[in-house]
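See below for the structure under consideration.
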Protein chains: 2
Amino acid sequence: MNNLLKYIRSLTSFSDESWNLLQPALTKREFKKNEFLLRQGQVCNSLFYIDNGYCKSYYEIDGVVKNTGFFFENEIATNINSFGNGQKSEFNIVACEPLTAIIFDKDKLFQTAQQANEIETLGRNCIRLFATKQEEFSTLFKLYSAQERLEYLEAKHPEILQRVSLSQLASFLGVARETLSRIRKRRVLE
Amino acid sequence: MNNLLKYIRSLTSFSDESWNLLQPALTKREFKKNEFLLRQGQVCNSLFYIDNGYCKSYYEIDGVVKNTGFFFENEIATNINSFGNGQKSEFNIVACEPLTAIIFDKDKLFQTAQQANEIETLGRNCIRLFATKQEEFSTLFKLYSAQERLEYLEAKHPEILQRVSLSQLASFLGVARETLSRIRKRRVLE
DNA sequence: ATAATTATGTGACGTTTATCACAGGTCTGA
DNA sequence: TCAGACCTGTGATAAACGTCACATAATTAT
């Protein structure tokens, strides 16, 4: 829980009282590799703070897996649309390694947020970070070619390259794994 | 202001008292076509509620314009990263038509939000909608080809196709305008 | 009204990428 | 330890896309 408290306090001022109030909304949980945090068709009622390990979000369309996001330590994974609107999730979130998460329960979180403005502010800031990340990766596709997208990740998010396999990354970058393999080779030679 | 109040109440319960408290943070402003709401290099201290008209966000890289988003009536345009972190914006927001916006001033908004939890909740919900939209368009690129992205817009966001020219749209869809012209032609013939 | 600007369509051509096929390497669980 | 699963590399080929060039609307400004 200590990592989470640090994370929260990096986002917003947060009294010990707010922290105590928040506790009932929190559950620590371990996930095995390949275990689901969220399945397609389910409603997402949780925010998953990643304490250790990492997970990915992916769509499965006509049997083909398309990765849309990776979430590492000190990030929050969720389906923001499903969480906010109560709609069924169109994608899965699955642990890529043994994973420790602290789960925020939606209903309890909203209850406590009504009592403590600091918690409401925390929620806003978590969503803001999430939006910022989405915007960043959304922009990547509009501005850059596949090779430039790879270079961007190398410069700005090297942790992704270190921990995610080429095949998994290719799907995230929107290219075939063969193409990514060739891009990487080209770049080594240049 | 009436549209804005309706918009707010579609998001969250909002008392007349909160509405009155919010007023000092709001300014109505008209923009001419091609006038900037936000310029690259500026810090974004505003949320722009679009009352009438529409605007777009775009990067200008090596003299080439790359559109990253379109914002229509009853949406909020902003640079969420700049607004949240105080960093300089890397992109512009410009009116594509004569535009009426209601501007939320950041500092005043945060002051009133500390007094009224409903306003804090409103902020969270505005950002949530923003995040949902970003995620939606981010996913488009990972799941679909250029033609499929066009079909998606036709199905889910026809208003964009009706109001945005082909050249402008091509940039947003991440293809050359010639390619989009040919895709459209193919689709008419099929 | 008309000139200038902007938007669209289209052909030609080269580049990039996807797809299929297969080989070899690495990891993992019984 | 050994078989099965997954991962990476690479060649061949076809499809998709970008770029340049130019013609023709359509829109805008004066």
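Residue numbers start from 1 in every chain, and the chains themselves are labelled A, B, ... in the order their sequence lines are given, proteins ahead of strands. The basis for the numbers below is simple: all heavy atoms, side chains too, and nothing from hydrogens, waters or symmetry mates.
Taking atom OH of B:Y144 as the reference point, atom P of C:dT17 lies 22 Å away to the nearest angstrom. Nucleotide C:dG29 holds its P atom 10 Å from the CG atom of A:N34, rounded to whole Å. Between the CD1 atom of A:I183 and the P atom of C:dT15 there is a distance of 17 Å, rounded to whole Å. Between B:L166 atom CG and D:dT27 atom P the separation is 14 Å, expressed in whole Å. For the pair A:R184 CZ and C:dT17 P, the interatomic distance rounds to 16 Å; values are reported in whole Å. Between the CD atom of B:E148 and the P atom of D:dA16 there is a distance of 11 Å, given to the nearest Å. C:dC27 atom C1' lies 15 Å from atom CD of A:E97, rounded to whole Å. One atom, CZ of B:R186, and another, P of C:dT8, lie 18 Å apart when rounded to the nearest Å.
Under 3.5 Å, the side chain of B:E178 and the base of D:dC17 form no donor-acceptor pair of N or O atoms. Side-chain atoms of A:R177 and base atoms of D:dG9 include a donor and an acceptor less than 3.5 Å apart.
Between B:K33 and B:L180, it is B:L180 whose nearest contact on DNA chain D lies nearer the 5' terminus.
B:S167 has no side-chain polar atom (N or O) that falls below the 4.0 Å cut-off from OP1 or OP2 of C:dA7. Checking the phosphate oxygens (OP1, OP2) of D:dG9, a side-chain nitrogen or oxygen of A:S181 falls inside 4.0 Å. Using a 4.0 Å cut-off, some side-chain N or O of B:K185 falls inside it from OP1 or OP2 of C:dT10. Between D:dG18 and B:R182, no contact under 4.0 Å exists linking OP1 or OP2 to a side-chain N or O.
Under the 3.5 Å distance criterion, the side-chain polar atoms of B:Y58 are left unmatched by any main-chain donor or acceptor of B:V94. Under the 3.5 Å distance criterion, the side-chain polar atoms of B:Q23 are matched with a main-chain donor or acceptor of B:W19. Formation of a donor-acceptor pair under 3.5 Å by the B:R177 side chain with backbone atoms of B:A170 is not found in this model.
In this structure, the nucleotide among C:dT8, C:dT17, D:dC17 sitting nearest to the side chain of A:A146 is C:dT17. With C:dA18, C:dA7, D:dG18 as the candidates, the nucleotide lying closest to the side chain of B:Q168 is C:dA7.
Around the CZ atom of A:R9, the shell of radius 6.0 Å holds more than 12 heavy atoms that belong to other residues, nucleotides or ligands.
Here B:E75 pairs with B:K133 in a salt bridge; the nearest charged N to carboxylate O distance falls below 4.0 Å.
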